[in-house]
2 protein chains.
Amino acid sequence: MYEHNTKIKKLIKDKNIKLTTARVAILEILEKAKKPLSYEDIKVDISMDKATFYRNIAKFEKEDMINSFESNDKKRYFELKKEPHAHFICMECNSIQCIKNIDITLPNYEIYNVTINGKCPDCQI
Amino acid sequence: MYEHNTKIKKLIKDKNIKLTTARVAILEILEKAKKPLSYEDIKVDISMDKATFYRNIAKFEKEDMINSFESNDKKRYFELKKEPHAHFICMECNSIQCIKNIDITLPNYEIYNVTINGKCPDCQI
DNA sequence: CTATTAAATGCGACTAAGTTGCAATTGAAT
DNA sequence: ATTCAATTGCAACTTAGTCGCATTTAATAG
């Protein structure tokens with residue numbers, strides 16, 4: 001059905017959730033990608049029902065394993081949670097870029113996610 | 001049909017778009033609100049077809065009169081464009097707050113919009 | 001190793017924000 | 001007042017994401 005990978009398996013086992021092929025597959029793709037992916041994106045690589053995908057994503061978010069945000073194209077994008085960073089979304093070409101050299105703090109607020117919308121260097125006239 | 005207001009009328013006339021009652025009504029409500037509103041929000045005050053609302057919003061955005069962003073509840077929120085500022089969206093209570101004392105610049109990027117997701121002070125345990 | 005059972009999967013039907021086509025209406029300009 | 005393009009409102013549509021339910025799978029106990 002899907003490929004396997006011991007590192008990813010450990011990641012799942014460490015949380016107390018069931019180790020399933022679908023979960024391994026999702027996390028493996030997210031790790032390989034090294035950029036946020038949507039359901040449409042993962043579907044290119046593996047055929048998985050969207051209900052399964054989104055239900056697992058919900059579980060991963062609850063277990064604090066992934067981040068997500070909505071892009072310009074109305075789709076949610078997901079990535080493995082590593083060092084916190086912001087995302088830039090270009091409103092011209094819809095590309096998504098991870099922005100690491102920015103950090104935002106607001107006293108008394110807990111910040112999960114920062115999204116910056118605008119025009120990327122490539123899309124300036 | 002809707003209320004009128006000379007200040008808003010001027011705002012429309014200054015762009016080269018038609019002055020219609022729907023447009024006056026939308027801008028007037030956005031101005032009164034002083035916070036971003038969704039279609040659902042404006043519909044509480046005036047009965048306007050959603051196609052009319054969204055088509056006018058699209059025109060306002062094209063004319064650079066308003067800002068918009070998507071909140072946690074999957075709805076788009078709109079506000080009159082004034083001083084640039086970020087928005088904080090609480091993922092617990094879905095409230096939206098304007099954050100003025102933050103400014104983000106990225107060399108070679110044009111930034112339209114910054115959204116911060118997290119937990120607001122009221123929602124910390 | 002097999003039986004048990006709670007959790008996970010996949011399918012199809014559904015939801016809801018936003019979009020589109022089109023006929024009727026309105027507002028700016030002559 | 002007349003004209004004509006732009007705008008409005010309705011209904012039908014689109015589409016990402018959700019939900020119910022019957023079937024399958026993974027973890028555990030025996």
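Letters go in sequence order (proteins before strands), and every chain restarts at 1. These numbers come from a predicted model, not from an experiment.
- Distance from the side chain of B/L19 is smallest to C/dA28 among C/dA28, C/dT9, D/dG9.
- The side chain of B/T20 has C/dG27 as its nearest neighbour among C/dG27, C/dG10, C/dG18.
- Among A/R76, A/K43, A/K75, the single residue meeting the side-chain contact (heavy atoms from CB on, under 4.5 Å) criterion with A/S38 is A/K75.
- With the end axes of the helix from C/dC1-D/dG30 to C/dT30-D/dA1 each set by five pairs, the angle from one to the other reads 30° at 10° resolution.
- Taking atom OH of residue A/Y39 and atom C1' of nucleotide C/dT9, one finds them 12 Å apart after rounding to whole Å.
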Next on the checklist: For B/I96 and B/F88: C-alpha separation, side-chain torsions, deciding distance, then whether side chain to side chain contact (heavy atoms under 4.5 Å, CB included) applies.
Outcome noted: CA-CA 6 Å; B/I96 298 170; B/F88 179 88; over 6 Å; no
Next on the checklist: Evaluate A/I57 against A/Y39 for side chain to side chain contact (heavy atoms under 4.5 Å, CB included), listing each step before the verdict.
Outcome noted: CA-CA 10 Å; A/I57 284 293; A/Y39 169 62; over 6 Å; no
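- Between the CZ atom of B/F53 and the C1' atom of D/dC10 there is a distance of 18 Å, given to the nearest Å.
- Between the C1' atom of C/dG27 and the CD1 atom of B/I17 lies a distance of 13 Å, rounded to the nearest Å.
- What separates NZ of A/K15 from C1' of C/dA7 is a distance of 19 Å, to the nearest Å.
- A/D64 pairs with exactly one of A/K81, A/K59, A/K15 by the salt bridge (charged side-chain N to carboxylate O under 4.0 Å, His left out) rule, that one being A/K81.
- Taking 4.0 angstrom as the limit, A/K74 places none of its side-chain polar atoms (N or O) nearer than this to OP1 or OP2 of D/dG17.
- As rounded to whole Å, 7 Å separates atom P of D/dA16 from atom OH of A/Y54.
- When heavy atoms are screened at a 4.0 angstrom cut-off, B/K18 is found touching base atoms of the nucleic acid.
- A donor-acceptor pair under 3.5 Å links the side-chain atoms of B/N113 to the main chain of B/S68, judged by distance alone.
- Using modelled atom types and a 3.5 Å distance limit, the side chains of B/Q97 and A/Y109 yield a donor-acceptor pair.
- Of the residues near DNA chain D, A/E40 and A/R55, the one whose nearest nucleotide (by heavy atom distance) lies more toward the 5' end is A/E40.
- Toward the 5' end of DNA chain C, the nearer of the two residues A/N56 and B/D73, judged by each one's closest nucleotide, is A/N56.
- The interatomic distance linking A/K50 (NZ) with D/dT15 (P) rounds to 11 Å, in whole Å.
- For A/T52, a side-chain nitrogen or oxygen approaches OP1 or OP2 of C/dG10 to under 4.0 Å.
- Nucleotide C/dA17 holds its C1' atom 13 Å from the CG atom of B/D49, rounded to whole Å.
- If you measure from atom CZ of B/R23 to atom P of C/dA28, you get 10 Å, rounded to the nearest angstrom.
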Next on the checklist: side chain to side chain contact (heavy atoms under 4.5 Å, CB included) for B/I102 and A/I104? Distances and angles first, verdict last.
Outcome noted: CA-CA 8 Å; B/I102 233 176; A/I104 293 172; 3.2 Å; yes
